[in-house]
Amino acid sequence: MDIFLSFSLFPLHPPNPKPQNSNLISLPTNIQTTTFTKRQFILRTTSLSLISIALLQHPFAQSLALAETSPSPPSKALTGIANTKSWFQFYGDGFSIRVPPQFEDISEPEDYNAGLSLYGDKAKPKTFAARFATPDGSEVLSVVIRPSNQLKITFLEAQDITDFGTLKDAAKIFVPGGATLYSARTIKIKEEEGFKSYYFYEFGRDEQHIALVAAINSGKAYIAGATAPESKWDDDGVKLRSAAISLSLL
């Protein structure tokens with residue numbers, strides 16, 4: 001059975017469409033794992049080399065077209081992470097995330113009348129738990145929250161992203177088919193009760209470059225994604241990657 005996940009891969013004002021690159025990159029076999037304490041992760045995001053996606057507004061089948069071709073281009077490889085300590089920290093339902101300077105809140109307004117009908121109508125769930133963008137709408141940072149069993153059917157309530165399988169297994173859920181995968185990493189954050197794992201993916205699709213981080217807590221999947229046109233990634237990629245990686249579960 002196909003399970004669909006709604007994200008927003010495209011910016012608010014997408015550029016003119018261009019022919020899609022048909023070259024696909026297979027997931028790396030040398031998967032890397034990075035471990036931090038929660039304090040280091042929140043206050044110092046300077047020495048990570050990691051991860052990708054910005055959330056899709058239309059559904060796509062959770063499948064990843066894996067093809068064995070040449071390694072990803074050097075110019076697309078991870079090059080660094082910025083220190084986000086001075087950025088505004090947004091607190092949402094069970095998570096926090098750092099927002100780059102000049103980004104504006106474009107989240108949906110709350111509909112306080114929803115769900116109060118005498119006929120028993122239920123409140124419509126928000127598409128995004130958080131959503132920020134540059135003034136021109138070309139660069140977007142989003143967070144979505146979904147029940148983990150909507151993404152992958154499990155007999156027990158998922159408590160960690162590793163319940164979805166390995167980094168490569170989970171790519172079939174978080175990386176859309178036809179995307180060119182540039183990097184995939186596992187980040188482990190030390191907490192009082194043990195370690196919390198985060199999966200990071202960075203990829204390109206339809207002239208867009210995406211950095212995505214996913215984590216799970218108490219049966220909910222938290223997915224942060226930052227996206228921009230490929231033409232802007234060389235200048236703003238470190239900033240956007242750092243924003244996605246700043247996702248922290250509370």
Side-chain angles (χ1 to χ4, degrees), residues 7-9 11-12 32-55 76-107 128-145 161 174 182-192 195-203 208-217 221-230 232-250:
F7 289 131
S8 167
L9 180 63
L12 301 180
Q32 298 191 31
T33 301
T34 307
T35 303
F36 297 90
T37 64
K38 192 166 187 177
R39 176 177 176 82
Q40 288 173 325
F41 183 70
I42 294 174
L43 300 182
R44 295 172 53 196
T45 55
T46 54
S47 59
L48 293 172
S49 295
L50 318 156
I51 339 263
S52 86
I53 187 177
L55 315 181
K76 303 303 182 184
L78 290 173
T79 55
I81 299 298
N83 189 329
T84 62
K85 184 179 178 180
S86 64
W87 296 3
F88 168 70
Q89 188 170 18
F90 175 84
Y91 286 89
D93 182 13
F95 74 94
S96 70
I97 194 166
R98 297 282 181 172
V99 181
Q102 311 304 320
F103 273 55
E104 302 171 350
D105 189 343
I106 57 170
S107 301
F128 300 101
R131 191 159 168 83
F132 301 87
T134 51
D136 66 358
S138 64
E139 301 177 10
V140 179
L141 172 66
S142 304
V143 178
V144 297
I145 304 173
I161 193 69
F174 299 114
Y182 302 135
S183 182
R185 307 290 178 92
T186 298
I187 308 170
K188 289 186 177 293
I189 306 300
K190 187 175 182 180
E191 299 181 340
E192 292 182 0
F195 288 90
K196 175 66 67 176
S197 297
Y198 294 71
Y199 283 171
F200 167 83
Y201 304 95
E202 186 162 335
F203 56 90
Q208 293 292 304
H209 196 119
I210 301 107
L212 175 145
V213 174
I216 290 177
N217 191 36
Y222 297 79
I223 307 149
T227 184
E230 287 285 5
K232 290 191 173 185
W233 197 264
D234 286 345
D235 293 330
D236 296 338
V238 171
K239 173 181 67 179
L240 293 168
R241 183 185 303 120
S242 302
I245 293 172
S246 73
L247 175 72
S248 179
L249 301 190
L250 304 177

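Residues: numbered from 1 along the sequence shown. Computed from a predicted structure; not experimentally measured.
A donor-acceptor pair is defined here as one N or O able to donate and one able to accept, closer than 3.5 Å; such a pair exists between the side chain of R98 and the backbone of W87. Counting only distance, with no hydrogens or angles, the side chain of R241 and the backbone of I81 share no donor-acceptor pair below 3.5 Å. Checked by atom type and distance alone, the side chain of K232 never pairs as donor or acceptor with a backbone atom of S138 at under 3.5 Å.
The shortest non-hydrogen separation linking A82 to V238 is N-CG1, 3.7 Å. Shortest non-hydrogen contact noted between P135 and Q102 is CD-O, 3.5 Å. Closest approach of S197 and I161 over heavy atoms only: O-CG2, 3.3 Å. In terms of heavy atoms, A244 sits closest to L141 at N-CD1, 4.3 Å. Residues I223 and A214 share a closest heavy-atom pair of CG1-CB, 4.2 Å.
With a 4.5 Å cut-off on side-chain heavy atoms, N217 and K196 count as touching. Counting heavy atoms from C-beta outward, E139 and D236 have side chains that approach closer than 4.5 Å. Counting heavy atoms from C-beta on, the side chains of F132 and V140 never come closer than 4.5 Å. The side-chain heavy atoms of Y91 and L250, taken from C-beta on, include a pair separated by under 4.5 Å.
Annotation: F88 is not in aromatic contact with F103 [ring centroid separation under 6.0 Å not met]. Checked against the 6.0 Å centroid threshold, H209 and F203 do not count as a close aromatic pair.
With Q89 as the fixed residue, the side chain to side chain donor-acceptor pair (under 3.5 Å) test singles out one of S248, S246, S96: S96. Each of V213, L249, I216 was scored for a side-chain contact (heavy atoms from CB on, under 4.5 Å) with Y222, with one residue passing: L249.
Taking CG of D105 as the reference point, atom CZ of F90 lies at 6.5 Å (rounded to 0.5 Å).
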Q: Please lay out, stage by stage, how Y199 and T186 fare under the test side-chain contact (heavy atoms from CB on, under 4.5 Å).
A: CA-CA 5 Å; Y199 283 171; T186 298; 3.5 Å; yes
Q.
Pair S142, R131 - check side chain to side chain donor-acceptor pair (under 3.5 Å), show working.
A. CA-CA 4 Å; S142 304; R131 191 159 168 83; 2.6 Å; yes
Q.
E202 vs W233, test: side chain to side chain donor-acceptor pair (under 3.5 Å). Steps then yes/no.
A. CA-CA 12 Å; E202 186 162 335; W233 197 264; 3.3 Å; yes
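Annotation: E104, atom CD; neighbour count of heavy atoms from other residues, nucleotides and ligands within 6.0 Å is above 12.
For F95, the ring pair (Phe, Tyr, Trp, His ring centres under 6.0 Å) criterion is met by no residue, not counting sequence neighbours. Residues satisfying the salt bridge (charged side-chain N to carboxylate O under 4.0 Å, His left out) criterion with D93, sequence neighbours excluded, are K220.
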